[in-house]
Novice: 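Sharing a structure below in structure tokens format, with a few things to ask.
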Amino acid sequence: HATAITMKDQLPADIASLHTHEAFARFIGQLHKKREATIRDLHDKNSDQIMQLSGRISELQDLLDLAGWETLRKVYSNQL
């Protein structure tokens with residue numbers, strides 16, 4: 001499907017554009033905080049709960065990676 005390829009190809013440029021907005025960095029920072037809180041929630045959970053939380057952590061990490069969290073954190077370190 002041609003439109004899907006175009007949209008997928010545009011994603012890196014879209015994310016680079018979002019990196020110019022402090023509000024985007026704050027939003028992604030909130031995802032990072034949620035990931036860290038979920039990791040803390042792993043303590044004293046049973047195996048089913050750990051599997052569920054691990055899935056959430058993985059999804060949040062995928063979003064953080066896609067959004068370029070490490071770069072955002074460096075650029076906006078004084079604002080976050």
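Sequence positions, counted from 1, serve as the residue numbers for this chain. Fair warning: this is a prediction, and the values are worked out from it, not measured in the lab.
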Novice: Running the 4.5 Å side-chain criterion over Ile, Leu, Val, Met, Phe, Trp and Tyr, what cluster does Leu60 land in, apart from itself?
Specialist: Leu18, Phe24, Phe27, Ile28, Leu31, Leu63, Leu64, Trp69, Leu72, Val75, Tyr76, Leu80

Novice: Thinking salt bridges, do Glu36 and Lys33 make one under a 4.0 Å N-O criterion?
Specialist: no

Novice: Check the side chains of Asp65 and Gln61 for a donor-acceptor pair under 3.5 angstrom, ignoring hydrogens and angles.
Specialist: yes

Novice: So which atom in Ala67 and which in Ile15 form the shortest heavy-atom distance, rounded to 0.1 Å?
Specialist: O-CG2, 3.8 Å

Novice: Judged by atom type as modelled, is there a donor-acceptor pair below 3.5 Å linking the side chain of Ser54 to the main-chain atoms of Ile50?
Specialist: yes

Novice: Write down the atom of Leu53, the atom of Asp41, and the distance for their closest heavy-atom approach.
Specialist: CD1-O, 3.6 Å

Novice: Is the backbone of Lys34 close enough, under 3.5 Å, to the side chain of Thr38 for a donor and an acceptor to pair up by distance?
Specialist: yes

Novice: If you measure from the Lys or Arg side-chain nitrogens to the Asp or Glu carboxylate oxygens, is any gap between Glu22 and Arg26 under 4.0 Å?
Specialist: yes

Novice: Quick one: CD on Gln52 to CD1 on Ile57, what's the gap to the nearest 0.5 Å?
Specialist: 11.5 Å

Novice: Is there a side-chain contact (heavy atoms from CB on, under 4.5 Å) between Leu66 and Asp62? Walk through the geometry before answering.
Specialist: CA-CA 6 Å; Leu66 181 65; Asp62 288 347; over 6 Å; no

